[in-house]
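In the text below, chain A, chain B and the rest are named by the order of the sequence lines, each starting its count at 1. Remember, predicted model here, so these are calculated numbers, not experimental data.
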Amino acid sequence: NETATAPGPVPVLRRELESAVVRFAGDSGDGMQLTGGQFTLETALAGNDLATFPDFPAEIRAPAGTTFGVSAFQINFGQRRIKTAGDAVDVLVAMNPAALKVDLKDVKPGGLLILDTGAFTDKNLAKAGFATNPLTDGSLDGYRRLDVDMSALTLEAVKHTGLGRKDALRCKNMWALGLVAWLFDRDRKPTQSYLERKFAKEPAILAANLAALNAGHAYGETAELGGEHLAFSVPPARIEPGLYRNITGTEALAWGLVFGGQLAGLPLWFCGYPITPASALLHTLANLKQFEVGTFQAEDEIAAISAAIGASYAGSLGVTSSSGPGIALKTEAIGLAIAAELPLVIVNSQRGGPSTGLPTKTEQSDLYQAVFGRNADAPLPVIASRSPGDCFDCAVEAVRIAVTYMTPVILLTDGYLANAAEPWKLPELSRYQAFPVRFHEAREGFHPFLRNAETLARVWAKPGTPGLTHRIGGLERDDKTGNISYDAENHHRMTKTRAAKVLGVADSLPPQGVEDGAGTGRLAVVGWGSTFGPISRAVSNLRAQGHDVSHIHLRHIWPLPKNLKALLAGFERVLVPEMNNGQLVTLLRAETLIDCRSLTKIAGRPFKIVEIEEAALALLENRR
Amino acid sequence: NETATAPGPVPVLRRELESAVVRFAGDSGDGMQLTGGQFTLETALAGNDLATFPDFPAEIRAPAGTTFGVSAFQINFGQRRIKTAGDAVDVLVAMNPAALKVDLKDVKPGGLLILDTGAFTDKNLAKAGFATNPLTDGSLDGYRRLDVDMSALTLEAVKHTGLGRKDALRCKNMWALGLVAWLFDRDRKPTQSYLERKFAKEPAILAANLAALNAGHAYGETAELGGEHLAFSVPPARIEPGLYRNITGTEALAWGLVFGGQLAGLPLWFCGYPITPASALLHTLANLKQFEVGTFQAEDEIAAISAAIGASYAGSLGVTSSSGPGIALKTEAIGLAIAAELPLVIVNSQRGGPSTGLPTKTEQSDLYQAVFGRNADAPLPVIASRSPGDCFDCAVEAVRIAVTYMTPVILLTDGYLANAAEPWKLPELSRYQAFPVRFHEAREGFHPFLRNAETLARVWAKPGTPGLTHRIGGLERDDKTGNISYDAENHHRMTKTRAAKVLGVADSLPPQGVEDGAGTGRLAVVGWGSTFGPISRAVSNLRAQGHDVSHIHLRHIWPLPKNLKALLAGFERVLVPEMNNGQLVTLLRAETLIDCRSLTKIAGRPFKIVEIEEAALALLENRR
Amino acid sequence: MNLESPQRLQPKDYASDQEVRWCPGCGDYAILKAVQKTLADGGADPANTVFVSGIGCAARFPYYLETYGFHTIHGRAPAFATGIKLANPALDVWVVGGDGDMLSIGGNQLMHALRRNVDLNILLFNNEIYGLTKGQYSPTSRLGTRSPSTPQGSVDRPVSALAFGLGSGARFVARSFDTAQKHLPEVLKRARTFKGAALVEILQNCIVYNDNAFAHITERDVALERQLFVEHGKPLLFAGGRKGLRVKPGALKLEVVEVGEGGPAAAGVLNHDETDADLAHLLVKLEPPAFPVAFGVIYCDPVESYEAAVHRQTAEVRAKGRAADLAQLMRSGPTWTVG
Amino acid sequence: MNLESPQRLQPKDYASDQEVRWCPGCGDYAILKAVQKTLADGGADPANTVFVSGIGCAARFPYYLETYGFHTIHGRAPAFATGIKLANPALDVWVVGGDGDMLSIGGNQLMHALRRNVDLNILLFNNEIYGLTKGQYSPTSRLGTRSPSTPQGSVDRPVSALAFGLGSGARFVARSFDTAQKHLPEVLKRARTFKGAALVEILQNCIVYNDNAFAHITERDVALERQLFVEHGKPLLFAGGRKGLRVKPGALKLEVVEVGEGGPAAAGVLNHDETDADLAHLLVKLEPPAFPVAFGVIYCDPVESYEAAVHRQTAEVRAKGRAADLAQLMRSGPTWTVG
Ligand SMILES: Cc1ncc(C[n+]2csc(CCOP(=O)(O)OP(=O)(O)O)c2C)c(N)n1
Ligand SMILES: Cc1ncc(C[n+]2csc(CCOP(=O)(O)OP(=O)(O)O)c2C)c(N)n1
Ligand code: SF4
Ligand code: SF4
Ligand SMILES: [Mg+2]
Ligand SMILES: [Mg+2]
């Protein structure tokens, strides 16, 4: 009963855009994450580059219609390289007054609001805290509007399926998706096949969702949407050729860990305790049992890391993961892994703090904790991934360092990376260099703290190996025998050795490069982690304006790349934007004695591009 | 049957010394700590300045005669100001071969060895790992020796008390003490009264101990100890007038906390879990229930700090204490105290690490943990005490900061400070300024995050107050209402406010002064904590030799004193000696961008004076 | 709203001005109502009432009550509450948490609060799932529970909250469920007046991640057969009095018996003795289908509470009269004068 | 010494070359001997044997055995051991710790290892004191214990290790004491062969800080009256067979009965049934003076062990044949080609 599903251009006047930012916002129950995800897929298949930002409420399922129950999904896509989810919104789809209330502030002046008027009831307006109705009180005058009673139109469209009102209304999100797909000339096929897979066993629900999707699309085609409600087109971007898929940081991380284990030739034991936003890694790995992967949900974070260390002791690769408060609980055991010199990967999906803080918001404020946050002289390597896809390579790198140097490694990601998706070019797995672990087996002269002269890694002799029975633990050990030692000079030597071993990781790293811009100049913007996108875009914007700015982005937080000091010394000014109150900047200042300046944003959200541009300009113009 | 107990000078030729270092060493069961403590008291009463260093074995009571069972107590005393327990030993009292084995390396060439030949049996020699008998193999040729069969002489001396052989032999330490007292012309009275108190109910044991003490003394008087075994005299030092006592860091800390509570007008709740070397504070406070002090031995460190925070929440002053690994476990809860802005004092008696490390040895390697060791942006004030007596003032200061700024405060001490004793001039308690807490009671406009405009401290409204019911917790709070807030800008503001509040503590501090030397010059040696003694002595030695060196010692680690950067900028070079692998130095470099150089010693023992002198000279001579 | 005085307040007076943010239909709403009723019935003074919680959906509880409240960290609420109670024994201190909070990460803190017998009212909302973190299985989830972290089903046996409580030395254990709006306030009242650590397990429906976990016990059609309400001194009857529990002859076990004409006594039905720890052990673990689930105050055997003992001991020390004089203390032991 | 092969080894072959550093006279020496004997008797392969411990005097244990050993951190040994056993189920994994390590800081880890039924041999050395930290009272110390941290005596009630174990869901609990050099190896052998979490409480004398804590049970003159050695299927007799335990008529309790001429059966003496959890509950808490202390395997009721179930489930997934092909996995779901 719908013909508009046929592919091919719709005969409509479309304004071509370089890029566009769309945000879907509604109740937690409105399915906005799903809608956004499907639009992302359609957009990726249309050949655009893109970046997304899902923004969940802290509540599981807050009462309908409240502002704190608003769930939003933002996508930035374009024919140019897309680096962030976008500073400001071009099109806001608001499924109820609360969504409008929360998200309007991010819409560009003159931006398009698509509003489900059916949801703007008195009750919902009151719940959202509107004193007067924004649809009529003139407060939206500065925006373009598309007011449409999606609720009613959806009910109408799915009537024939016989679904009850409640279930029928749940198709509203597909109606909205259909409309937005029409607006940007996206193909609905991927969504249709998704729905067919998902509701294969529920034909009525499937039919209703498809009908809503198509009705929304048809509404765009047939309604009077000329004039200011002009439709758009965003032609494909020029991106590196290859096979692509969308990937979240969590998926990339999980696969990277599995692959790291394969490169090391070790089974992986992932031991974790749920915590937002880290739990998704546990869930993902729990579904990968076909690989040499085991998962263990422990009773708490301490048990989780303890079991992971136990697994490493027994000859597997132990991995654990959490977020700030949970990592804090693991601190004592991390010290043991350092002392016993066992490999271990610790993933920290950072979130807003201190304490419980803002559990569902992103932040990169656990750098201090990662680099310095242990009792005693207890150094370990720290790396950070910059984007969802980069989590794959960072996971592999973390495993490489852990097994090559017999050390725990902290891998920093964050809530944004964990949840956000980006198009990802599938890596050629055969191109990666393996780093197979050789367990120690020779009895001659064995003790557990024999070291590799080059890496300073101790030998790894696992239980079950005949003739190599030995004892290790957290007490200081004699560097000549591996037995407990309280000797003063030995302790000094061992402390220096542990530090040298970790610093030695830098020997295995390529020199720090420059992402964009020259190797010397007036200003270097130095970032780490998920600030990559906004810094990258800000620097390229500034360079396009003729400014002498370069972008340097660190994967290795500790040890720092060996050439970093020299590299930074080649710039007049250094700016360090961080989603924290200034942490990497402290490390850089201490290590380089260069007057690096901090730009902070501690708001649970990524930087806006303009924020970085402004700070960079201020430094360039010597205003700070 | 002994007349030599009469006071007054003994007619013997004594060589006057400026200072002397004596070490008592024996089996854990030999009572060396007691012996050392009593000799310390006798020496203090003789008017010398002094410093001590007790060195326990890690084992509770290791098998007799083993090297790892050796327990030692060192005292440095003199007629000049004494800053450390001494680099090298003048007189070693070795009660068995193991003690000689372990401690000989610290004796000065030509130093005096007092050896209990009765304990140099074949069995004991073997246990200590001597292949040949050092008494006869010439290996001790470079030393002066006093070989005496203390075991036999003690048995002889106490025979009349009818004690069994085992009990009788336990008086050997008193025999040794008697001899050393004679050697340095000390009055035995204090020890005699001590014994009378201690063994009031065991007359036979009392008699035996007194007899042994006197016999040792008499042996000195009557034996052929002329010639090379010349006796010594160490005349009184010129020290500040006043009433003195010996005090350990633990006692000073306990009393300082009690006094801090009094100045704040709050009851104190100390909640801890035993760990070496922090347990002694729990034990000391558990005996002070006559004050407004409660102690709670929790099931673990997490419960300990949680209960302490609970006590603060309820309107008491919560205090908790541990050592590195235990502090690690408290990290998550510290974050809550920061978020909820509740006062709390956290004492860390640092010990060797990482992990279990060297539990009975001292180290100052938890500075990173204290300053940086938490998830998220979670700053708190950190102070460190420099000497046993200084623990009193630091405890008061920690309480002042905690209640004035509504913040947890970390107070760093270490294993050395906890156990070591020094003469302490009793403070005039009435001279201290009180800082009485005023709980919030006004209902008008109340919310729990109302702030003092000057200190930025939030109000403290305790449960039980009518009309002020409210909820707090670890989720981010709105700065205008105190309610939970996920608002982006609010979180940024709150993070900045928390940081500003802690930095604001510096406004209440006097400018950083110089301990010794000029306020500008060629070299500043910057220390913190228990390195005070050796740095102080090293700098005064160098200054006496005409070098332009100054000593700066920090009590406040975070925030740093406001004038510190300017102060350090006045020196050509800066040296930072630490008993860790370089931690304060990182903070100073980051904060001042001055090329501070690190001197490290991670050996579980205080610096030797010469080690600091050498490093300082190297910098002065531009050798590093 | 801040309340003036402890004069007779209504349940609604104990509600704070914060919007309740649980999922619509969550069992926590009913428990909140029951607690408000309990406070009102007991004439609780809001100013002297403190709710302490860990982290989880259940642990949001304090925000919704117009009393003092402290939302702490995951699993440690019993320890915070211990500190609060030690510092001010006059406060009425409640601890609220979920099965994950109290039995997964917080098992040790719970055990020790119970063992010490700190005077706390401990409410364990057992929904057999981690709600707040979106549905992973918990230590009370039944064998085979499929969840995001156990896609093929869990393989570890659950712990029983009350068996764990008894094993830890609790002197008061009770059980009720969210929708039992008459029974629950009664049980809570007993917990509140018990001077010591009172552990109350409340079966709670998580409509989103573990809906109907207790339907086989709480649904109307099975309720009579599956619910045994125990009362001290009264016979252990259920199924509308048609069935009862008696000692299995010659064994140390209970068995179900039909109550005939002669009434419970004739059928050998046991009377509930809430001071009998051995009986409590058997009651807490009764399970369908063979047995009904026991609700009510299953065990209650008071001894001196921890904070009371601590303060008694302190008072004894002070009564012995060591002076609280710091200057004097400093001068005790050897001192000497210089100059 | 590194051992060649698992051929018949003597107890002394399991001793490492490290000097034993406990206090002379410490009960730990005897336990070490018993464990060495158990290993020798069982023909344990040192290469496949791992001792895992936390921190404390007891926890030094692994250093003295020529097997694999991991001296971890305070209280968490059961969790480390769980990881070890998951990673390599073929290993024979022992956990050793004191009452502080396992029941104070480590209560949660112990509970969950027991609940999950991980195949571990867990030896809890109970000396009712913190030895290593010099004598503070522990959660098993009796009421009124004077210690450095409780100078006026402790005011909190101790937890019973085995009651806690049962409350946590343990499927094997047993008790012995340090000097029981015949009995202890027998119990350890049972623990070793039990496939699941076996909790063995070993009463251990700390000669320095809590000397004679168990003298009232273990001293020769009271031993007969105070020690009940249970054996599956055998009557619960003590006092040289002169006394036994029977069910108190009509109650859910045990009582002491004199065994007369007619023998145990006539006196109604109960036979020990180690699979009976209810009986176990009663036995673990028997205490002098009214009762003897129960020693031996008090409860043993095997179910599938955790790591076995985990590996079984994994095998099932793999058998279902989802290919372990990462490149293929990456290509599942929507992909597109650029260029
Ligand atoms: C240290 C720490 N670890 C983990 C978490 C994440 N977390 C929050 S609540 C929770 C469990 C919730 O389950 P439950 O206690 O049963 O409460 P419910 O939500 O079911 O009411 C977890 C794992 C956390 N907040 N802090
Ligand atoms: C995290 C941490 N907290 C505290 C300690 C100190 N500590 C070491 S062993 C111990 C308790 C020892 O008692 P127990 O477990 O009974 O063993 P025992 O020495 O009596 O054999 C304590 C508190 C520690 N090592 N680590
Ligand atoms: S997730 Fe479950 S427990 Fe949490 S609020 Fe929703 S229904 Fe209640
Ligand atoms: S302190 Fe006690 S438990 Fe520890 S080794 Fe000595 S006697 Fe044994
Ligand atoms: Mg739950
Ligand atoms: Mg013990």
Side-chain angles (χ1 to χ4, degrees), chain C residues 75 103-112 114-118 139 143 150-160 162-171 247-254 268 270 276-279 281-282 284-285 303-310 312-314 316-317, chain D residues 75 103-112 114-118 139 143 150-160 162-171 247-254 268 270 276-279 281-282 284-285 303-310 312-314 316-317:
Chain C
L103 288 171
S104 192
I105 191 168
N108 206 37
Q109 274 60 59
L110 179 61
M111 182 244 284
H112 287 280
L114 295 175
R115 171 180 78 73
R116 289 192 189 102
N117 196 35
V118 187
L143 209 57
T150 50
Q152 287 86 28
S154 60
V155 298
D156 37 345
R157 254 153 245 279
V159 71
S160 148
L162 297 190
F164 177 76
L166 291 174
S168 300
R171 313 293 307 196
V247 180
K248 191 167 173 176
L252 293 157
K253 309 213 173 293
L254 295 173
L270 212 58
D276 183 342
D278 301 323
L279 176 60
H281 265 295
L282 297 171
V284 295
K285 56 180 203 178
V303 289
E304 189 180 27
S305 71
Y306 179 68
E307 80 291 344
V310 167
R312 174 179 51 71
Q313 195 177 65
T314 304
E316 284 161 14
V317 168
Chain D
L103 288 171
S104 191
I105 191 168
N108 207 36
Q109 275 59 59
L110 179 61
M111 182 244 284
H112 287 280
L114 295 174
R115 171 179 79 73
R116 290 192 188 101
N117 197 33
V118 187
L143 209 57
T150 50
Q152 288 85 27
S154 60
V155 299
D156 37 344
R157 255 152 243 279
V159 71
S160 147
L162 296 190
F164 178 76
L166 291 173
S168 300
R171 314 293 306 197
V247 179
K248 190 167 172 176
L252 293 157
K253 309 213 172 294
L254 295 174
L270 213 57
D276 183 342
D278 301 323
L279 176 60
H281 266 294
L282 296 172
V284 294
K285 55 179 202 177
V303 290
E304 190 181 25
S305 71
Y306 179 68
E307 80 291 343
V310 166
R312 174 180 51 70
Q313 194 177 64
T314 304
E316 284 161 14
V317 169

Would you call [X] and [Y] a side-chain contact if the rule is heavy atoms closer than 4.5 Å?
| X | Y | answer |
| --- | --- | --- |
| Arg115(D) | Asp156(C) | yes |
| Arg171(D) | Val303(D) | yes |
| Leu114(C) | Met111(C) | no |
| Asp276(C) | Lys253(D) | yes |

Point-to-point distance, once rounded to the nearest 0.5 Å, from CG of Leu110(D) to CG of Asn108(C)
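Taking CG in Leu110(D) and CG in Asn108(C), the distance rounds to 9.5 Å.
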
To the nearest 0.5 Å, tell me how far Ser168(C) OG sits from Asn117(C) CG.
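Between atom OG of Ser168(C) and atom CG of Asn117(C) there are 12.5 Å.
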
With only heavy atoms counted, which part of [X] is less than 4.5 Å from chain D, the side chain, the backbone, both or neither?
| X | result |
| --- | --- |
| Lys285(C) | side chain |
| Gln313(C) | side chain |
| Pro249(C) | neither |
| Leu252(C) | both |

Residue part contacting chain C, namely of Val317(D), when any heavy atom lies under 4.5 Å:
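When you check distances to chain C, only side chain atoms of Val317(D) fall under 4.5 Å.
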
Which atoms of Leu162(D) come close to chain C, meaning under 4.5 Å heavy atom to heavy atom: side chain ones, backbone ones, both, or neither?
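Neither part, no heavy atoms under 4.5 Å.
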
Where do Pro158(D) and Leu143(D) come nearest, in terms of heavy atoms and distance?
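For Pro158(D) and Leu143(D), the tightest heavy-atom pair comes out as CD-N, 4.1 Å.
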
Please report the closest heavy-atom contact between Phe164(D) and Leu103(D), naming both atoms and the distance.
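Between these two residues, the closest heavy atoms are CD2-CD2, 3.7 Å.
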
Chain C contacts, top residue of [options] (heavy-atom pairs, under 4.5 Å):
| options | result |
| --- | --- |
| Ser104(D), Ala251(D), Ser160(D) | Ser104(D) |
| Arg116(D), Gln109(D), His112(D) | His112(D) |
| Gly153(D), Gly106(D), Gly165(D) | Gly153(D) |

Report the option among Ala309(C), Pro139(C), Gly169(C), Gly75(C) that has the most heavy-atom pairs separated by less than 4.5 Å from atoms of chain D.
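Ranked by heavy-atom pairs under 4.5 Å with chain D, first place is Pro139(C).
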
Could you check which of Val247(C), Val155(C), Ile105(C) has the highest count of heavy-atom pairs closer than 4.5 Å to chain D?
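With the most close heavy-atom pairs to chain D, the winner is Val155(C).
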
